[in-house]
Amino acid sequence: MLDQKLIRENPTSVGESLSLRGKVFNISHIHELTVKKKDIDIEITSLQSKSKKLSKLIGQEISKSKNNDSPELISLKKKGNEYRIKISELEEKQRILDKEVDDEIYNLPNFPSKDAPIGKDESDNLQIKTWGDPLIKENIKSHWEIGESLNIFDSVKSTKISKSRFITLTGNGARLERALINFMLDIHTKNGYLELMPPALVNSESLTGSGQLPKFSNESFKCSNDDLWLSPTAEVPLTAFHRNELIDSKQLPIKYVAYSPCFRREAGSYGRDTKGLIRLHQFNKVELYWFCHPSKSLEAHKKITSDAESILKKLNLPYRLVDICTGDLGFSSSRTFDLEVWLPSSKCYREISSCSNCLDFQARRSSIRSKIDKKNTYIHTLNGSGLAIGRTMAAILENGQQKDGSVKIPDALVPYFGSNFLKTA
RNA sequence: GGAGAGGUGGCUGAGUGGUCGAAAGCGAACGACUCGAAAUCGUUUAAUAGGUAACUAUUCGUGGGUUCGAAUCCCACCCUCUCCGCCA
């Protein structure tokens with residue numbers, strides 16, 4: 001969430017900064033509302049001040065005279081009553097204004113960082129570097145073909161259980177998924193992250209705090225009988241873990257790693273990536289999350305990205321690092337580095353991790369502060385996948401495929417998986 | 001699901017209509033003592049909004065209401081805990 005004061009005092013620059021996202025943000029209406037709100041606030045404050053003084057006076061008079069019915073007192077009370085009526089009228093107006101401002105401000109995205117490449121969409125993202133040699137060969141099989149022949153997952157039967165875009169991992173597939181989760185958690189915890197296993201169902205306040213609501217209500221599954229949603233990413237519960245807290249600044253940075261299942265409606269993606277493990281309604285993910293001192297978040301952003309990268313390196317999967325352009329940035333992010341893994345069957349890199357610096361955007365929405373230089377200050381939050389498990393499995397299957405139909409398991413993963421090759425069971 | 005208890009500052013916890021933004025303790029900050037530290041003693045210490053500041057206002061789970069005046073009374077809702085029931 002953006003700072004209301006900034007909108008009120010500097011509407012032009014707020015509008016300009018937001019418009020770097022590639023579309024026009026007209027904030028003149030919300031600006032007008034915040035100004036009106038301020039005027040009413042001043043009026044209410046002065047009336048309250050008078051009314052408060054009057055009440056004190058009445059209290060003193062009563063205790064002095066012991067007479068509640070003197071004409072002087074009655075006239076004072078009448079005066080107080082008039083204040084009360086005026087104040088409650090103004091408060092009603094203020095309530096309406098507050099709601100109108102909230103409706104707009106919660107729908108405004110974060111400012112893009114000045115360092116992010118300026119661009120309109122995906123095509124303007126900037127490749128920073130590549131790592132490893134992308135496998136380019138004839139007769140490459142897709143991961144779903146490999147999966148089918150090795151019998152490690154079943155999407156057809158899964159539609160019986162749920163619907164399309166759900167998958168059941170079987171045998172070695174399930175084992176590989178489990179191995180990947182443990183492998184990633186072990187590396188990150190050794191690297192100074194505290195492991196959390198949060199609830200998979202989250203309330204509306206949590207989703208609002210991290211930026212998924214109110215704008216993207218269409219993208220999460222909702223439990224209609226309760227104020228609960230299936231969490232689309234562990235970023236949501238991890239942000240909410242410290243909601244409404246004043247964190248001792250000596251504890252910063254706080255670094256969490258969490259495995260969680262993630263649920264997304266994938267509305268509007270009909271027909272895209274319908275096969276395999278790339279785009280599912282439910283997938284597993286290991287998420288990295290930092291709460292950090294506002295002056296340290298640029299540094300932290302590099303670190304969280306390289307922590308995610310280290311998994312790809314250990315698994316020996318070719319990837320590239322992409323600097324997301326202003327037009328392609330997520331709602332809460334000011335700067336995002338994507339890690340994209342090479343998928344030889346589609347001859348392209350696919351997103352496997354997204355590492356974002358949200359600055360104080362989520363902290364303001366969630367009220368997470370620290371006393372810094374004697375002042376309570378919103379801290380900065382960062383998140384990054386470390387990594388998406390299903391897509392990692394897809395990459396291992398495709399990059400490790402052998403002539404005989406088996407798949408080579410990356411050396412680092414062998415102790416977790418228990419075998420050097422994945423073969424038909 | 002049924003019955004009961006409760007939600008107060010960074011934390012614990014007192015406060016049932018009038019100088020209560022709130023006792024006390026813990027924690028924290030600063031100072032004294034010390035070569036240094038611990039212990040001890042002293043001082044300070046809630047947040048938010050507006051204002052350069054003095055200051056003003058709001059906030060005792062949330063939202064309404066009664067009243068000149070509400071942490072305190074009334075109504076609704078949310079949440080937590082205990083017991084019973086059900087249950088992985």
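Sequence lines set the chain letters: A, B, ... in the order given, protein chains first and strands last, and positions in each chain run from 1. Please read all numbers here as calculations on a predicted model, not as lab measurements.
Applying the salt bridge (charged side-chain N to carboxylate O under 4.0 Å, His left out) rule to pairs touching residues 20-47 of chain A yields A:Lys37-A:Asp98, sequence neighbours excluded.
Within the nucleic acid shown, A:Lys52 comes within 4.0 Å of sugar-phosphate atoms alone, with no base atom in reach, counting heavy atoms only. When heavy atoms are screened at a 4.0 angstrom cut-off, A:Gln60 is found touching base atoms of the nucleic acid. Note on A:Gly59: a base of the nucleic acid sits closer than 4.0 angstrom, heavy atoms only. Residue contacts for A:Asn376: at a heavy-atom cut-off of 4.0 Å it reaches the sugar-phosphate backbone alone, with no base atom in range.
Taking only side-chain nitrogens and oxygens, A:Lys250 never comes nearer than 4.0 Å to OP1 or OP2 of B:G10. Note on A:Lys53: every side-chain N or O is 4.0 Å or more away from OP1 and OP2 of B:C68. Taking 4.0 angstrom as the limit, A:Arg95 places a side-chain polar atom (N or O) nearer than this to OP1 or OP2 of B:G64. Residue A:Ser49 places at least one side-chain N or O under 4.0 Å from the OP1 or OP2 atom of B:A57. Under 4.0 angstrom from either OP1 or OP2 of B:U48 there lies at least one side-chain N or O belonging to A:Arg369.
To the nearest angstrom, P of B:A28 lies 18 Å from CD1 of A:Ile247. Between A:Lys371 atom NZ and B:U45 atom P there is a gap of 11 Å when expressed in whole angstrom units. Atom C1' of nucleotide B:U62 and atom CG of A:Asp102 are separated by 15 Å, given to the nearest angstrom. If you measure from atom OH of A:Tyr378 to atom C1' of B:A49, you get 11 Å, rounded to the nearest angstrom. Following rounding to the nearest Å, A:Ile87 (CD1) and B:U56 (C1') show an atom-to-atom distance of 13 Å. In this structure, the CG atom of A:Asp3 is 13 Å from the C1' atom of B:U48, given to the nearest Å. Rounding to whole angstrom units, NZ of residue A:Lys99 and P of B:G64 are separated by 14 Å. For A:Leu54 and B:G69, the CG to C1' distance is 9 Å, given to the nearest whole Å.
Ring centroids of A:Tyr289 and A:His242 are separated by 6.0 Å or more, keeping the two rings apart.
Across the C1' atoms, B:U8 and B:U52 are found 34 Å apart, a figure rounded to whole Å. Annotation: B:G18 and B:A71 have their C1' atoms spaced 14 Å apart (nearest Å). Separation of the C1' atoms belonging to B:G17 and B:C68 is 12 Å when rounded to the nearest angstrom. Taking the C1' atoms as reference points, B:U67 lies 40 Å from B:A28, given to the whole Å.
Ranking B:G51, B:G18, B:U19 by closeness to the A:Lys56 side chain, first place goes to B:U19. Comparing B:G50, B:G18, B:G10 against the side chain of A:Lys5 picks out B:G50 as the nearest. Of the candidates B:A57, B:G50, B:A47, B:A57 carries the atom nearest the A:Thr45 side chain, counting heavy atoms from C-beta on. Residue A:Leu246 has its side chain nearest to B:G10 when only B:G10, B:U66, B:A49 are considered.
At distances below 3.5 Å, at least one donor-acceptor pair connects side-chain atoms of A:His281 with backbone N or O atoms of A:Arg264.
Looking at heavy atoms from C-beta onward, A:Phe361 lies out of side-chain contact with A:Phe111 at the 4.5 angstrom threshold.
Helical stems in RNA chain B, defined as runs of 3 or more consecutive Watson-Crick or G-U wobble pairs with both donor-acceptor distances under 3.5 Å, are listed by first residue as B:1-7 with B:78-84, B:10-12 with B:24-26, B:27-32 with B:40-45, B:46-50 with B:55-59, B:61-65 with B:73-77.
A side-chain donor from one of A:Ser206 and A:Asn203 sits under 3.5 Å from a side-chain acceptor of the other. When only modelled atom types and interatomic distance are considered, A:Asp338 and A:Ser354 share a side-chain donor-acceptor pair under 3.5 Å.
Nearer to the 5' terminus of RNA chain B, by closest-nucleotide assignment, is the contact made by A:Lys38 (compared with the other of A:Ser51 and A:Lys38).
Comment: A:Arg243 engages A:Glu205 in a salt bridge, judged by a side-chain N to carboxylate O separation of less than 4.0 angstrom. A:Lys120 and A:Asp124 are not joined by a salt bridge, as no carboxylate oxygen comes within less than 4.0 angstrom of a charged side-chain nitrogen.
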